[in-house]
Amino acid sequence: MADDKEQLRYDPAAIEQKWQERWAADPKLYAAEPAESKKPKYYVLEMLPYPSGQLHMGHVRNYAIGDALARQMWMRGYNVLHPMGWDAFGLPAENAALKNNTPPREWTLANIAAMKRQMLRLGLGYDWATEVTTCLPEYYRWNQWFFLRMYEKGLVYRKKSKVNWCPECATVLANEQVVDGCCWRHEETQVEQRDLEQWFLRITTYAQELLDGLDKLGGWPEKVRTMQRNWIGRSEGTEVDFGLEGGAAKIRVFTTRVDTIFGATSVQLAPEHPLVATFSAADARLRAQVAELLDEQKKAREAGDVGAIEKHGVPTGRYAINPYNGERVPIWVANYILMDYGTGAIMSVPAHDERDFEFATKYGIEIRRVIKPLEEFEGSEKLPFISEDGVLVNSGEYNGLTCVQAQNQLQESATRQGFGEGKVVFRLKDWGVSRQRYWGTPIPMLYCLSHCEGDGPLPVPDDQLPVLLPEKIDITQQGGSPLGRVPGFVHTTCPKCGGAARRETDTMDTFVDSSWYFYRYTDARNTKAPFDPATAQYWFPIDQYIGGVEHAILHLIYSRFWTKVMRDLGMVKNDEPARRLFTQGMVIKDGAKMSKSKGNVVSPDDMVARYGADATRMYALFAAPPDRDLDWQEDGVAGVSRFLGRVWRLVTKHAAAVREGGQGFSPDNDATVKGGASAPELCASTGSSQRLLRKLHQTIAKITLDFEGRWHFNTCVAAIMELVNELQDADAQLAAGEVPAPVVRELLQTLVLLLAPFAPFLSAELWEELGGEGSVLRAPWPKSDPELAKEDEIEIPVQINGKLTAVVRVAAGADAKTIEAAALADEKVRARTAGKNIVKVIVVPGRAVNLVVK
Ligand SMILES: [Zn+2]
Ligand SMILES: [Zn+2]
């Protein structure tokens, strides 16, 4: 046997190279069929990577999950779309250009080529005919086209606004790209605030629909839906106008608790509120104080958390008038009130709000209780009292109403008298898409220098698309868009008057690219439109989308928005892009996220070179449930590689016998196949065959079920390992021909089929060795036969008050409930317990049942 092992060596490098070449010669292998296909469709998609030049282990894990699913669906007879592409615009290409003096396009395309090689080496089954590369004009022209369609629909606008500015990136960041006050790419760099003219997409138009749609996305992880709900942040409340004493101006405040308005003892304005400028115009001291508050606010914003700011305020010496009771309350300016949230003004009710309480206590502002609990309880006299379970006091004609009743009546009254109305506000802001960068989609707008249509921007006509990104330009990090320093790009002709015009030099946020790329896969070479609506309708929604949870609120909200816009443009019929979403866990090492600075990065190339692609992929699925973090252990990969070696030896050892063995399998004709075997041999073989077939069909059932939803691929791989162990334990019987050839064939071929989604190279090799027909990728997924999978029955004694009464037969492995039911249904047991009280049933699964009867 030792010699055997020496001769038979699993050589993943040779096997994988052989199959990689064969697959490369067959570009149709992973191609989806056209929409006319009779097969049911299945669109499985992994999030497209940024082409950094190197796959990392997180990618390998993400793609191994998607590829296993795609392969299993192919085997189940589905028409599968499994594409891949490149999120190819973005800042790193520019940084690399600065560092290495390589043009971004060249750098990006070289990286794409390198990563594609890695993907092919890993044996990932993508249809490369539909490859999408977002930095190429054939793709980004449609970003421009969409931008113009949105502009026509009033979903695009330009305004001066406060933006997050990363000094390191020298560009504007979306709110979502600011993490704890720092740039998402530069975790050490504090984000600053600047005022710039910016382009915005009106995502807030869809805020309510984006929120409501979450309820229907049952196939999405709850944590992602919760994050989106919080991000959209809907609150219902009332806007109320306070009057200004001695002036005509109104101060509009937004509150979710108008029922507490009789407890308002001050009005607080944001430092940037227009009235503050009026008040301080002739008051230098106030002006200086306000400037200080504004400065504190800016710093808090840059640190990312205005909520945690130490609250400061200054009284303006002016008074506001509560419209409900005519009461005059002081007007303050406070550093924690933001001009871009709500109306930039609040009523302060210290008795019923934590923040107001803190502020009033600090500055000695009156605290007046206006809500009492329905029933007094210990501590209910303590302020602030936040609960809405209460009734109004000190509130004039509204006294005695519950909070909810009062909210309705006060709002009605405001509407009737014209000093307020009900209002829904969202935390979600419009999507700022302007970037002062080179490596992105040029925004297709221009400015006529003779202002023939006024001062506003003009859209580039469709027939002038794409607005091409100029090549070979100087990239410096001097601020402002590099495109502004390219005269050939900036100077153009006004489409209205034919005079000189200037192009917009901002480019689009790269999240635009990824908002609709998955539609392009369905019709990637279309030169007339982003995609053919009928083809997209066939494939959409995506059946299974797989990616990292870090995209829960960025990409996944933007792409939902884009789908709704496309639906309203009549391009698609689906409301949501993806039916099911799966977010895989991270790959970590030594308890920490892999990063260059920690020196704990494991290179996929190294793993593949050492253990093979199959072992690397399979380990990524085996080491942890896919939704959990995976702590990378090289020992584990080596272990999986050894296991694959065992499979290879087991199958190749019996392959010749299987190829020569009988065709067609039926467990009933063992005897006829076995031919002249003696009686004892036949008995033994039948026992082994049954046992092995039972294990096989249990394994099929388990893996099939897991693919349907749970996706515990780690336990799937473990089940295959158990099956292989049993087959190895029966090696003597297999070698001696005690298990009939058709059974061996069934066992080994099915083993290879079960392995195919996880270890495609080895499966292809062994499928061929066993004489399997065609490609293993198209071989039918095995079906579990419940009869064969059924466990043997065992006998369980039933005792009543310690006395053996009956013996019941149940399936081996039956659970306590099943055993109890069988015991209670037994005739002898029923006779002995008739008319008596069964006090207790004690079940020892697999062993005994004890009844205590009185
Ligand atoms: Zn940055
Ligand atoms: Zn003009």
Side-chain angles (χ1 to χ4, degrees), residues 50 52 87 89-99 104 107-108 148 151-152 158 162-194 196 198 298-299 301-305 431-440 443-465 467 475-482 489-514 550-551 553-555 593 595-597:
Y50 177 78
S52 60
D87 192 9
F89 272 139
L91 186 68
E94 287 180 54
N95 291 343
L98 273 173
K99 212 168 135 196
W107 182 84
T108 305
L148 295 173
Y151 183 75
E152 287 159 6
R158 194 163 173 264
K162 210 162 277 308
V163 292
N164 305 304
W165 180 269
C166 170
E168 195 72 28
C169 298
T171 194
V172 171
L173 303 176
N175 288 337
E176 296 88 328
Q177 293 167 331
V178 180
V179 181
D180 298 329
C182 293
C183 171
W184 70 315
R185 288 200 184 278
H186 302 103
E187 290 174 15
E188 314 283 296
T189 307
Q190 289 252 318
V191 171
E192 300 169 0
Q193 301 287 308
R194 291 201 183 174
L196 276 182
Q198 300 285 300
K298 267 191 180 160
K299 289 211 174 88
R301 274 206 211 225
E302 285 163 15
D305 193 1
W431 177 9
V433 293
S434 284
R435 296 291 180 274
Q436 290 68 47
R437 303 302 323 174
Y438 163 65
W439 196 232
I443 289 177
M445 302 297 286
L446 45 79
Y447 306 87
C448 175
L449 296 184
S450 49
H451 308 280
C452 67
E453 303 259 321
D455 285 340
L458 293 169
V460 171
D462 273 15
D463 59 11
Q464 292 177 20
L465 297 185
V467 176
I475 293 169
T476 53
Q477 283 193 319
Q478 253 122 74
S481 174
F489 178 83
V490 176
H491 301 314
T492 186
T493 310
C494 172
K496 298 283 180 191
C497 69
R502 172 177 67 82
R503 279 197 196 284
E504 171 63 62
T505 56
D506 283 358
T507 55
M508 296 184 201
D509 180 6
T510 60
F511 277 104
V512 168
D513 307 324
S514 53
E550 67 273 20
H551 295 293
I553 49 166
L554 303 147
H555 164 57
K593 188 177 171 178
S595 74
K596 271 187 201 149
S597 60

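Whatever order the structure lists them in is the order used to number ligands and atoms, beginning at 1.
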K.L.:
Would you give the angle at the Zn ion (ligand 2) between Cys448 atom SG and Cys494 atom SG, to the nearest 10°?
P.N.:
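About 110° at the Zn ion (ligand 2).
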K.L.:
Is the shortest side-chain heavy-atom distance between Phe89 and Val512 below 4.5 Å?
P.N.:
no
K.L.:
Tell me if a side-chain donor or acceptor on Thr492 pairs with a main-chain N or O of Ala501 at a distance below 3.5 Å.
P.N.:
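Absent.
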K.L.:
Checking side chain to side chain contact (heavy atoms under 4.5 Å, CB included) between Glu168 and each of Leu91, Val191, Thr189, which is the one that passes?
P.N.:
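Among the candidates, only Thr189 passes.
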K.L.:
What distance do Arg502 atom CZ and Tyr447 atom OH have between them, rounded to the nearest 0.5 Å?
P.N.:
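Arg502 CZ to Tyr447 OH: 6.0 Å, rounded to 0.5 Å.
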K.L.:
To 10°, measure the SG(Cys497)-the Zn ion (ligand 2)-SG(Cys452) angle for me.
P.N.:
110°
K.L.:
Under 2.8 Å from the Zn ion (ligand 2), is there an N/O/S atom belonging to His451?
P.N.:
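For His451, the answer is no, given that no N, O or S atom comes within less than 2.8 Å of the Zn ion (ligand 2).
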K.L.:
Parallel, tilted or perpendicular, judged at 30° and 60°: which one describes the rings of Tyr50 and Trp107?
P.N.:
tilted
K.L.:
Work out the angle at the Zn ion (ligand 1) between SG of Cys166 and SG of Cys183, rounded to 10°.
P.N.:
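Answer comes to 110°, rounded to 10°.
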K.L.:
Check all N, O or S atoms of His186 and name the one closest to the Zn ion (ligand 1).
P.N.:
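The His186 atom nearest to the Zn ion (ligand 1), restricting to N, O or S, is ND1.
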